[in-house]
There are 2 protein chains.
Amino acid sequence: MNYEKYPNKSLSRSPTLEDVAKAAGLSPMTVSRALNNPKIVRPTTVARVMEAVNLTGYIPNMLAGGLTTRRTKLIAVVVPQINNNMFVDTVQAIGDELALRGYHMLLCIVGYDTDSETDIVATLLSRRPDGIVLTGIHHSSELKRIILNANIPVVEIWDLTPTPLDMLIGFSHEKIGQAVGHYFLGKGYSRFGMVCASDRRAQVRKNSAIDVLRQDPQNVVEEVTLPAPANMEVGRTAFRHLLQKSERFDVIICTSDTLAQGVIMEAEARSLRVPEDLKVIGFADLNFAAHNRPAITTVCVDKSRMGQQAATMLADKIEGLEIAEHVVDIGFSLVVRESA
Amino acid sequence: MNYEKYPNKSLSRSPTLEDVAKAAGLSPMTVSRALNNPKIVRPTTVARVMEAVNLTGYIPNMLAGGLTTRRTKLIAVVVPQINNNMFVDTVQAIGDELALRGYHMLLCIVGYDTDSETDIVATLLSRRPDGIVLTGIHHSSELKRIILNANIPVVEIWDLTPTPLDMLIGFSHEKIGQAVGHYFLGKGYSRFGMVCASDRRAQVRKNSAIDVLRQDPQNVVEEVTLPAPANMEVGRTAFRHLLQKSERFDVIICTSDTLAQGVIMEAEARSLRVPEDLKVIGFADLNFAAHNRPAITTVCVDKSRMGQQAATMLADKIEGLEIAEHVVDIGFSLVVRESA
DNA sequence: TTGTATGCGTTATCAT
DNA sequence: ATGATAACGCATACAA
């Protein structure tokens, strides 16, 4: 446990630019330049500085730096959850891309039923991030005011609107619901079950699908909504609830692949074969969907690209680059596999 | 798109304590106290301050605050991945607990094969976090030096050693491997397949299990290691590789439930019934394991508690509270379900 | 209970 | 190419 410290052991506080400057026999300003903009410093001087940095174990203080430059290289990211598989790919992609661009990610996981998004964002802004990523497009007017007042780039993700706060990359939940509805409409099925998580965007997908399915008045549509997060257990439970509402279904439409996987498990536990006896469709094309048995028919959205591009848009805007499109619809695709 | 800004519209920079002070007809110091320690300020004064805060849309600048107090309310968290289900619960628990204690989480996802952990931590330290969470116990001596020099609390997670950098909460991968080995040893099985992700801790579990299984010289053990992250597809692929090494197995031991799920899928695709024809065991007790068909036998570790407690230990230490145990072994339990 | 002076560690700006 | 000075926004320490 007795690792050696740096030779400059007398310091209780961590070494500053001034300590490095003394060690190098230079002014703090020159050291600062050597570290941040070495091109404009004589190479031999840069070398002296580096030596002094190693000697002292100097680590820059970005609090002080950010205070003067008003740039923090920090991006705040607000997502509802990360343990339901839905947002994890996006968050990881954001983090990866930001790291490449030299930014750090301040991650805030707020849950689905937060009425305090506004307060949370306000505290995040006290770190003076250079940009912020928000999930979804529904925010309080107070939040909008705060963010616009902070005057930093914002990217909203995972939804679509022509009037974002600033920039947006996402997709239309309404269109996805409609696409799913139309896929089944006219295939001759008539008994539909909807399994939905209590998440606003999931509701939109569900309701849009129902609107389409109801175009045929013959169709029967039952639905179950359970509290987020959506996991396999919830899917199994939801299907049991559905079976109490009606004893037979042709199709179960789920608002996530995890729910779909649960429905399939529960169906097979009841000797219902998927897809022979029952069709099941999910959403998101999570990493297991293609490899499940049966492979899960789903709606694919490019979760990683969304994150990567959200980070890129932010970094570009922060760095003064031109943003080609402030609103990017990354679309979706119906992926027909075995389950439906 | 034309949301109103705060009345105090003339300011291009964001309002400071001084702006609030002017609006309230007080000194900046009084405003600071009213916000941070209202008890020592006259209630009517606090009210005046709050009014001025609302009027100006003031949001504190924690860069400036942290610079003087040397406390940032920021915790850096370093994990290999979050999209393989393994660490997500822990990260979410850390984030939740930190939020409760008033801290923000700076999340860094570094991958499994990073040789640059040291550099990454160094840049994280430039934010002057109040504490840091590291995954695993194997760090470069340079990293140790940097961290000890920074003189901030550290919690290592997901592994066990009597000599942590500072604090630790985790479990023994060696013991888990041994427990799995012993579970199967003497059950009469003799043909074992190991499916492993290329992650150091997974290797330890695998090797410890093998050591136990080899205690019976009759036993045949084949193994396949594939690059992390472990997902269902990798599990299916790995099982195919195993079947090229030997045509029959009694038991497949996987270093994660996701791999186990993949192996089961692949087995059933080949008309091998689990558990009748083949036993499969996973690791981690991920959220789907209990609800899979067959339910997956696995080793449960309390991933959320580990995160929650890691955050608690850090916050406690930062706030000067007594830490009961600097090394916490949260243990594990073999959860026997259907698959093995 | 409130106010004043000072310093935290850095960089912008201006000088040399 | 390098240095001196001031300022960033806040809280500590002390004064009133």
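Letters A, B, ... mirror the listed sequences (proteins, then strands); counts begin at 1.
Minimum atom distance to the side chain of B:T69 is reached by D:dT12, of the listed D:dC10, D:dT12, C:dG9. Of the candidates D:dA11, D:dC10, D:dA4, D:dA11 carries the atom nearest the B:N36 side chain, counting heavy atoms from C-beta on. The nucleotide whose nearest atom lies closest to any side-chain atom of B:T30 is, among D:dG9, C:dG9, C:dG3, C:dG3. Taking the side chain of A:R42 as heavy atoms from C-beta on, and the options C:dT1, D:dA1, D:dA11, the nearest nucleotide is D:dA1. Residue A:S32 places its side chain closer to C:dT11 than to any other of C:dG9, C:dT11, D:dG3.
Distance, A:K22 NZ to D:dG3 C1': 16 Å, rounded to whole Å. In this structure, B:I40 atom CD1 and C:dG3 atom P are separated by 12 Å, rounded to whole Å. Residue A:N37 contributes atom CG, which lies 14 Å from atom P of C:dT13 at whole-angstrom precision. The nearest whole Å value for the distance from the CZ atom in B:R71 to the P atom in D:dA11 is 13 Å. Atom P of nucleotide C:dG9 and atom CZ of B:R128 are separated by 8 Å, given to the nearest angstrom. Regarding B:L35, its CG atom lies at a distance of 13 Å from the P atom of D:dT12, rounded to whole Å. In this structure, A:K39 atom NZ and D:dT2 atom P are separated by 16 Å, rounded to whole Å. Rounded to whole angstrom, the span from the CG atom of A:L125 across to the P atom of D:dG9 amounts to 16 Å.
Looking at heavy-atom distances under 4.0 Å, A:P60 makes contact with sugar-phosphate atoms alone, never a base. Looking at heavy-atom distances under 4.0 Å, A:L17 makes contact with a base. Using a 4.0 Å heavy-atom criterion, one finds that B:R33 contacts the bases of the nucleic acid, with or without backbone contacts as well.
Between B:M29 and B:L67, the residue anchored nearer the 5' end of DNA chain D, judged by the nucleotide with its closest heavy atom, is B:L67. Nearest-nucleotide mapping onto DNA chain C: of B:V31 and A:I59, the residue sitting toward the 5' end is B:V31.
The closest donor-acceptor contact from the side chain of A:T90 to the backbone of A:K303 lies under 3.5 Å. At least one donor-acceptor pair closer than 3.5 Å links the side chain of A:T72 to the backbone N or O of A:R128.
The OH atom of A:Y58 lies 4.5 Å from the CG atom of A:L17; values are rounded to the nearest 0.5 Å. Between B:L98 atom CG and A:L107 atom CG the span is 11.0 Å, to the nearest 0.5 Å.
Taking side-chain N and O atoms only, B:R70 has a distance below 4.0 Å to OP1 or OP2 of C:dG9. Within the structure, every side-chain polar atom (N or O) of A:T68 is placed at least 4.0 Å from both OP1 and OP2 of C:dT11.
For the pair A:D316 and A:R101, the salt-bridge criterion is met [side-chain N within less than 4.0 Å of a carboxylate O].
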